[in-house]
Amino acid sequence: MVVSGQVAVVTGANRGIGLEVSRQLAERNVHVVLTSRDKTKGQQALNHLLDRSLSVSLFQLDVTNSDAATRLCGHLVKTFGRVDILVNNAAIYLDEGDKLLDIPLETLRNSFDANFFGAYSLCKTLIPVMKKNGYGRVVNVSSGYGAMDAMNARTGAYKLSKLALNGLTQILASELKGTNIKVNAVDPGWVRTEMGGPSATRSPQEAARGIVWAATLDADGPTGKFLRDTKIVAW
Ligand code: NAP
């Protein structure tokens, strides 16, 4: 497949914020590789964007499967020779309101597998391709629940997984200093998706805007920061 512009990968793109980020990026003439762990759900999301004549394609990816991340990388190199943007959006929210010592250890491990190790393994696989091409924008979709001042009682598995994701953002940005690869974390706010529920205060469209901004930063844009709606917020 020949594409004229940039190529982006969005994880968990079959619904919610990931689908909307994919739409907004594709509207900016970026070719978006939607990734979805479920092929049928991914195909439905893809069709939704293809109906709008957007440049999008699909790759099946469970972010907890590092072999699949390697296969994705091979596909991107073979098909496009590049990957410019990585949006680590996929996440699970398993322990709302639960106390940390009351949840099974599995819940903590599964939260880290999807929310932290998933992002880590995609960074590990795709950033070397960005390095070769001298350009990259990585956005880790985090949460206000990952901020230090959110480290109070309940929902600990989710909070700790996002805290670790925030730490990953800072370490990678620091290790990539001097390259044209930026790594930022974005808090989308409380959003009306399956995760956020119908009472949430923001639409996926509003939430996606700040993520797309971070995914398309100019050379003088921030790196290693926690962002919300284009503003830097406290870790
Ligand atoms: P969502 O509607 O629940 O969507 C989550 C997406 O992640 C789905 O596509 C889901 O796929 C995918 N996913 C989960 N585990 C996966 C895995 N192992 N491999 C691949 N994909 C996987 O949630 P959302 O509200 O759009 O959330 C998007 C991001 O925003 C997340 O990082 C979340 O933590 C963050 N966030 C959301 C809110 C909010 O209020 N909604 C607030 C703060 C932060 P399936 O359809 O197959 O389950």
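Numbering of residues begins at 1 and proceeds along the displayed sequence. For ligands, and for the atoms within them, numbers begin at 1 and follow the listed sequence.
- The protein non-hydrogen atom at the shortest distance from atom 1 (P) of ligand 1 is Arg15 NH1, 3.1 Å.
- Not a single N or O atom of Asp187, backbone or side chain, sits closer than 3.5 Å to an N or O atom of ligand 1.
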Tell me, with the steps shown, if Val186 and Val141 meet side chain to side chain contact (heavy atoms under 4.5 Å, CB included). CA-CA 5 Å; Val186 172; Val141 182; 5.6 Å; no

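- Asn166 places a side-chain N or O within 3.5 Å of a backbone atom of Gly146 that can act as its donor or acceptor partner.
- Atom 13 (N) of ligand 1 has Ala90 CB, 3.8 Å as its closest protein atom, hydrogens excluded (heavy atom only).
- The backbone N or O of Ser121 sits less than 3.5 Å from a side-chain atom of Thr125, completing a donor-acceptor pair.
- Residue contacts with ligand 1 include Ser142, since one or more of its heavy atoms lies under 4.0 Å from the ligand.
- Judged purely by atom type and a 3.5 angstrom limit, Thr35 uses its side chain to pair as donor or acceptor with the backbone of Val10.
- Under the 30°/60° scheme for interplanar angles, the aromatic rings of His75 and Phe80 are found to stand perpendicular.
- If you look at Ile92 next to ligand 1, the close heavy atoms, those under 4.0 Å, all belong to the side chain.
- Residue, atom and distance of the protein heavy atom nearest to atom 9 (O) of ligand 1 are Asn14 OD1, 2.8 Å.
- Arg137 places a side-chain N or O within 3.5 Å of a backbone atom of Leu217 that can act as its donor or acceptor partner.
- Between the side chain of Gln24 and the main chain of Gln205, a donor-acceptor pair closer than 3.5 Å is present.
- Counting only heavy atoms of the protein, atom 12 (C) of ligand 1 lies nearest to Gly12 CA, 3.8 Å.
- Taking every non-hydrogen atom of Pro188 and a distance limit under 4.0 Å, the qualifying atoms of ligand 1 come out as 30 (O), 36 (N), 43 (C), 44 (C).
- Within the structure, ligand 1 has Gly189 among the residues with a heavy atom less than 4.0 angstrom away.
- Considering both main-chain and side-chain atoms, Ala114 never comes within under 3.5 Å of ligand 1 through any nitrogen or oxygen pair.
- In this structure, Asn89 is part of the shell of residues with a heavy atom less than 4.0 angstrom from ligand 1.
- When the heavy-atom distances from atom 25 (O) of ligand 1 to Leu165, Thr193, Asp62, Val87 are ranked, the shortest goes to Thr193.
- The shortest separation from a heavy atom of Tyr158 to ligand 1 is under 4.0 Å, placing the residue in contact.
- Counting the atoms of ligand 1 from 1 in the order shown, those under 4.0 Å from a heavy atom of Gly16 are 26 (O).
- A donor-acceptor contact shorter than 3.5 Å links the side chain of Arg154 to the backbone of Gly97.
- Residue contacts with ligand 1: Gly118 is excluded, as none of its non-hydrogen atoms falls under 4.0 Å.
- Remark: the backbone N or O of Gln6 is not paired with any side-chain donor or acceptor of Asp84 at under 3.5 angstrom.
- What sits closest to atom 26 (O) of ligand 1 on the protein, heavy atoms only, is Ile17 N, 2.9 Å.
- Near Thr64, the atoms of ligand 1 lying under 4.0 angstrom from a non-hydrogen atom of the residue are 18 (N).
- Considering only non-hydrogen protein atoms, atom 14 (C) of ligand 1 sits nearest to Ala91 O, 3.4 Å.
- One distance of note links CG of Leu160 with CG of Asp95; it measures 9.0 Å at 0.5 Å rounding.
- Against a heavy-atom cut-off of under 4.0 Å, Glu194 is close to the following atoms of ligand 1: 2 (O).
- Tyr93 and Tyr145 have tilted rings, their planes meeting at an angle from 30° to 60° on a 0 to 90° scale.
- For the ligand labelled ligand 1, residue Arg202 lies outside the 4.0 Å heavy-atom shell.
- Counting non-hydrogen atoms of neighbouring residues, nucleotides and ligands closer than 6.0 angstrom, the NZ atom of Lys225 reaches no more than 12 such neighbours.
- With a 4.0 Å cut-off on non-hydrogen atoms, Lys162 touches ligand 1 through its side chain and not its backbone.
- Ranking protein heavy atoms by distance to atom 19 (N) of ligand 1, first place goes to Val63 N, 2.9 Å.
- When each atom of ligand 1 is checked for a heavy atom of Gly196 under 4.0 Å away, the hits are 39 (C), 40 (O), 41 (N).
- Distances from ligand 1 to the non-hydrogen atoms of Thr11 include no value under 4.0 Å.
- Relative ring orientation between Tyr120 and Phe116 is described as parallel, the plane-to-plane angle staying below 30° on a 0-90° scale split at 30° and 60°.
- At least one heavy atom of Leu61 sits less than 4.0 Å from an atom of ligand 1.
- Each of the following atoms of ligand 1 lies closer than 4.0 Å to a heavy atom of Trp190: 40 (O).
- For Lys182 (side chain) and Gly221 (main-chain N/O), a donor-acceptor pair under 3.5 Å exists by modelled atom type.
- Of the possible polar contacts, none joining the Trp235 side chain to the Phe226 backbone as a donor-acceptor pair under 3.5 Å is found.
- Side chain of Asp62 to backbone of Thr64: a donor-acceptor contact under 3.5 angstrom is found.
- Here the protein heavy atom with the shortest distance to atom 30 (O) of ligand 1 is Val141 CG1, 3.4 Å.
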